[in-house]
Visitor: 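Got a structure here, written out as C-alpha cells. Questions coming.
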Amino acid sequence: MNEIFRRYAIKPLSFLKPSFGRLTLGFIMMIVTIAIQLSIPTAIAYFIDNSVKANDNNWLTIVAIIMIFVLVLHAVATALRIYLFESAGTVIVTSIRQRLYQTIISQNIAFFDRNRIGDLSNRLSVDVDILKDTMTMGLAIGLRSLITCIGGVAFLFILSPILSLLMIIIIPLSFFAARFTGKHLKEKSRVVQEELANCNQLAQENFSNIRLVHTFNQQVNSIKQYEEATERAKKVSLSSSKLLSGYQGITTFIQYMVLLITLWFGGRLVLSGDMTIGGLTSFVLYGAMVAMSATGVSWFWGEWMKAVGATERVFQLLRVNVKQDRSRGFEDSIAFRGEIEFKDVSFMYPERPDIKALDSFSLHIKEGERVALVGESGAGKSTISNLLLGFYHPNSGELLFDGVAAQKIDLDNIRKNIAVVEQEPSLFSGSIADNIRYAIPDRLVSNEEVIEAAKQANAHDFICALPKGYETDLGDRGMQLSGGQKQRIAIARALLKKAKILILDEATSALDENNENIIQTALDHLMEGCTTIIISHRPSTIERANRIIRLDRGKILIPSSVGSHENQDL
Ligand SMILES: Nc1ncnc2c1ncn2[C@@H]1O[C@H](COP(=O)(O)OP(=O)(O)OP(=O)(O)O)[C@@H](O)[C@H]1O
C-alpha cells in the first residue's frame with residue numbers, strides 16, 4: 001500500500017514544489033469559496049423558516065445586501081483560485097518539460113539505441129500536458145470536492161443524524177464504482193498513450209523521409225500504415241470512453257436514489273414535526289452538495305489514475321539516472337597530442353550483445369599519423385569512431401589517449417579534442433554562421449573566426465553568393481544546400497574546433513569529381529597537424545593516409561605499413 005501511495009500520489013506531487021506559494025494562495029481562496037458554498041443551504045433554511053415570520057421589507061433588503069456582498073466575495077475568490085491554479089500549472093509543466101529534456105539530452109548514446117525518438121518527443125509534449133491538467137485544475141477540483149464533501153457531511157449530521165446515516169450507507173457505493181473504474185482507466189490510458197506515440201513515430205519517420213516515400217511510391221502504404229495505427233489508438237480510446245460513460249451512468253443513478261430516499265424519510269420527519277421545512281430543504285441541498293462533491297472526488301481519482309497511467313513513462317524517464325559519465329577524470333586538463341592506442345579491445349553494442357563489433361582489436365596510431373580504415377560494411381569501422389568519442393566504452397581491453405586510459409580523462413575534454421566530418425553532415429536550423437559556431441559551445445566565436453574557417457573549408461565563396469550570406473537560415477535540416485556545400489560547412493565547423501584528432505567518416509563519398517577536389521583541398525587544411533582516422537571505401541579518399549587498416553568482423557585483417565596503400569585491393 002505504501003509503495004502504491006508513494007508511486008501514484010506522492011511522486012507526482014513532488015512536481016508541485018516550485019509552485020508552492022501560488023498553490024497555497026489558491027488553496028486559501030478555495031477554502032473561502034467552500035465556506036461560502038457550505039453556508040448557502042443554512043442561509044436558505046434560515047430564510048425559508050424566518051421570511052414568513054419576518055413580514056418586513058427591511059429584513060429582506062438587508063438579507064439581499066448581505067447576499068450580494070457574499071456573492072461578490074465568492075466570485076473574486078473563484079477567479080483568483082482558478083488563476084492561481086492555472087498559472088501554477090503552467091509553471092509546473094514548464095519545469096517538468098525542462099527536467100525531462102535535460103534528462104533525455106544527457107543520456108548516453110546507448111539510451112537512444114533503446115528508445116524511439118517519436119516516443120521521446122511525445123513524452124515531452126502530449127504526456128506532460130496531461131500531467132499538467134490533472135495536477136493543477138484536476139487536483140484543485142479534487143481537493144475542493146473532498147473538503148466540500150467532508151464539510152457537507154458534517155452539516156448533514158448536525159441537521160439530522162438519522163437521515164445522514166442513511167446517506168452514509170449509500171455514498172460508499174459511488175466510491176467503490178470510482179475505484180473500479182479508476183483502476184481500469186489507468187491501464188487503458190497507458191495503452192492509448194503508447195498507441196498515440198506509435199502514430200507520432202510513424203508520421204515523424206515518414207515526414208522526415210518524404211523523398212524516399214515519394215521515390216518508392218509509398219504514399220498509399222504510408223497512409224494505410226498510419227490509418228492502422230490510428231485505428232488501434234481509436235479502439236482503445238473508445239473502450240476507455242465506454243467505461244467512463246458506464247461509470248457516469250451508475251453514479252448519476254446513485255445520486256438520484258440518494259435524493260429520493262432523503263425526501264421520502266425527510267417528508268416523514270417534517271410530518272411528525274421532528275424537522276422544519278427549511279431544515280429539510282437545506283438537508284436536501286447539503287445532500288446534493290455531498291453527492292456532487294463525492295462524484296467530484298471519484299472523478300478526480302479516475303482522472304488522476306488516467307494521468308498516472310498516461311504519464312507513467314514520464315516518471316520512468318525522470319527516474320532514469322543521467323548515465324553520462326562526463327566528469328570521470330583525474331586527468332581532465334591534459335593537453336592532447338593526438339596519440340591513440342586500442343589495446344586488445346573487445347566491444348559489443350548493448351542492444352546486440354551476441355555480436356562482437358570489435359574483437360580483441362589492437363591499434364597504435366602515432367601523433368599526427370593518418371590512418372585509413374577500410375573493410376566490408378559492418379566490419380567495425382564506425383564502432384572505432386564511436387569508442388573514440390566515448391559514446392560507448394570497451395567491454396574489455398583499453399583505449400588510451402597519449403598513453404592515458406580514456407576512462408581517466410574527462411569526457412568533455414576527449415570530445416573537445418576530436419573533430420568529426422560525416423558523410424551526411426547534420427546541420428541545425430539557424431544561420432550558417434551559427435552552424436559553424438556550433439563547434440565551440442563554451443565561448444563566443446567572432447565573425448572573423450567563422451569567416452576564416454569557412455575560407456579554409458572552401459565555403460566562403462558559395463556562402464557569400466547566397467542572398468543573406470552567413471545569416472542564411474538553413475531551415476529544416478539544411479534543405480537548401482547541396483551535399484557538397486553541407487560538407488564544406490561541416491568542414492568549417494570542424495576546422496574551428498582546432499582538434500588534435502580528426503575522424504573523416506566517408507567524408508567525400510557522396511560527391512562528384514569536381515566537388516571532391518574542392519572538398520579534398522578543404523580536408524587537407526583540416527588534416528594539417530591532426531591525427532586523422534579516415535573511414536572510407538573509396539581509394540581516392542584514402543590516398544593521403546600513411547597507413548591502411550583493413551577490418552573484418554571487428555578484427556584487423558591486414559595491417560599495412562606506411563605508404564603501402566597502393567598495394568591494397570580496396
Ligand atoms: N547502435 C548499434 N547497436 C547495435 N549494433 C550495432 C550498432 N551500430 C553498429 N552495430 C553493429 O556492429 C557491427 C559493426 O558496425 P559498424 O557500424 O562499426 O560497421 P562499419 O564497418 O562502420 O559499417 P559501414 O561501412 O556499413 O558503416 C555491425 O554488426 C553492426 O550491425
Side-chain angles (χ1 to χ4, degrees), residues 104-120 201 205 208-209 212 320 323-325 340-363 365 370-397 399 406 411 414-415 418-426 483 486-487 490 501-511 516 532-543 545 547-560 565 568-570:
I104 296 173
I105 203 87
S106 311
Q107 293 300 318
N108 56 27
I109 299 297
F111 172 86
F112 294 91
D113 290 343
R114 284 194 305 277
N115 292 278
R116 295 182 309 172
I117 304 298
D119 220 12
L120 294 174
Q201 168 83 10
E205 262 180 17
S208 52
N209 292 315
L212 202 70
V320 173
K323 296 243 177 66
Q324 192 78 278
D325 35 3
I340 300 167
E341 187 170 7
F342 285 86
K343 259 193 194 169
D344 205 23
V345 167
S346 290
F347 172 71
M348 286 86 78
Y349 282 95
E351 296 306 297
R352 290 192 66 189
D354 50 320
I355 290 182
K356 280 192 173 174
L358 285 184
D359 188 1
S360 303
F361 174 79
S362 294
L363 177 67
I365 305 174
R370 292 175 189 174
V371 169
L373 297 176
V374 298
E376 298 288 317
S377 178
K381 305 181 293 291
S382 302
T383 303
I384 291 177
S385 152
N386 286 340
L387 293 188
L388 284 172
L389 286 160
F391 291 158
Y392 307 90
H393 305 300
N395 295 100
S396 64
L399 167 62
L411 205 51
I414 293 180
R415 291 178 183 167
I418 302 180
V420 184
V421 181
E422 305 159 291
Q423 179 179 10
E424 275 227 16
S426 314
K486 282 192 215 167
Q487 284 249 318
I501 296 169
L502 173 65
I503 300 171
L504 302 179
D505 195 349
E506 306 266 12
T508 58
S509 68
L511 304 171
E516 194 176 322
T532 309
I533 293 175
I534 306 165
I535 299 175
S536 180
H537 294 287
R538 287 162 63 103
S540 56
T541 322
I542 54 175
E543 259 169 15
R547 198 153 48 120
I548 296 164
I549 302 296
R550 179 173 281 276
L551 280 169
D552 182 40
R553 276 170 282 177
K555 280 179 179 291
I556 295 183
L557 206 60
I558 313 168
S560 318
H565 57 265
Q568 298 293 317
D569 171 22
L570 302 167

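Heavy-atom basis, side chains included; hydrogens, waters and symmetry copies ignored. Indexing begins at 1, ligand by ligand and atom by atom, following the structure's order.
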Visitor: Tell me the nearest of Phe391, Phe347, Tyr349 to atom 10 (N) of ligand 1, using heavy-atom distances.
Guide: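 Comparing heavy atoms across Phe391, Phe347, Tyr349, the nearest one to atom 10 (N) of ligand 1 lies in Tyr349.
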Visitor: Check this for me - ligand 1, Ile355, N or O atoms closer than 3.5 angstrom, yes or no?
Guide: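 N/O-N/O distance under 3.5 Å: no.
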Visitor: Look up atom CG in Asn395 and atom CZ in Phe347, then write down how far apart they are to the nearest 0.5 Å.
Guide: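 CZ of Phe347 is found 6.0 Å from CG of Asn395.
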Visitor: Would you say Arg114's side chain and Pro350's backbone share a donor-acceptor pair under 3.5 angstrom?
Guide: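 Not a single qualifying donor-acceptor pair exists.
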Visitor: Kindly identify the option in Ser382, Ser377, Pro350, Pro353 whose heavy atom sits closest to atom 26 (O) of ligand 1.
Guide: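 Result: the heavy atom closest to atom 26 (O) of ligand 1 is in Ser377.
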Visitor: A side-chain contact here means heavy atoms from C-beta on lying under 4.5 Å apart; do Leu120 and Gln107 qualify?
Guide: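 No; the side chains remain at least 4.5 Å from each other.
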Visitor: Any donor-acceptor pair under 3.5 Å linking the side chain of Lys381 with the backbone of Glu376?
Guide: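 Side chain of Lys381 to backbone of Glu376: a pair is present.
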Visitor: With Lys555, which residues qualify under salt bridge (charged side-chain N to carboxylate O under 4.0 Å, His left out), at least two apart?
Guide: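 Scan of Lys555 (salt bridge (charged side-chain N to carboxylate O under 4.0 Å, His left out), adjacent residues dropped) gives Asp359.
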Visitor: Can you list everything that forms a side-chain hydrogen bond (donor to acceptor under 3.5 Å, both in side chains) with Thr383? Sequence neighbours excluded, please.
Guide: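 Once residues adjacent in sequence are excluded, the partners of Thr383 under the side-chain hydrogen bond (donor to acceptor under 3.5 Å, both in side chains) criterion are Tyr349.
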Visitor: As an exercise, identify every atom of ligand 1 less than 4.0 angstrom from a heavy atom of Asp113.
Guide: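 Once the distances to Asp113 are compared, the set is 1 (N).
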Visitor: Between Tyr392 and ligand 1, find which residue part has any heavy-atom pair under 4.0 Å and reply side chain, backbone, both or neither.
Guide: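 The part of Tyr392 near ligand 1 is the side chain, not the backbone.
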Visitor: Heavy-atom contacts with Glu376 under 4.0 Å: which atoms of ligand 1 show up? List them by number with element.
Guide: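 Listed by number with element, the hits are 21 (O).
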Visitor: Which one of Gly554, Ser385, Gly378, Ala110 has a non-hydrogen atom at the shortest distance from atom 14 (C) of ligand 1?
Guide: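 Looking at heavy atoms only, the winner is Gly378.
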Visitor: Can you confirm, on distance only, whether ligand 1 has an N/O atom lying under 3.5 Å from any N/O atom belonging to Thr383?
Guide: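 Yes, there is a polar N/O contact under 3.5 Å.
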Visitor: Polar-atom distance check: Ala357 versus ligand 1, any N or O pair below 3.5 Å?
Guide: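 So ligand 1 has no N or O lying under 3.5 Å from an N or O of Ala357.
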Visitor: Under 3.5 Å, is there a donor-acceptor pair between the side chain of Glu422 and the main chain of Gln487?
Guide: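 Side chain of Glu422 to backbone of Gln487: no pair is present.
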Visitor: Work out whether the distance between some heavy atom of Gly375 and some atom of ligand 1 is less than 4.0 Å.
Guide: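 No, Gly375 has no heavy atom closer than 4.0 Å to ligand 1.
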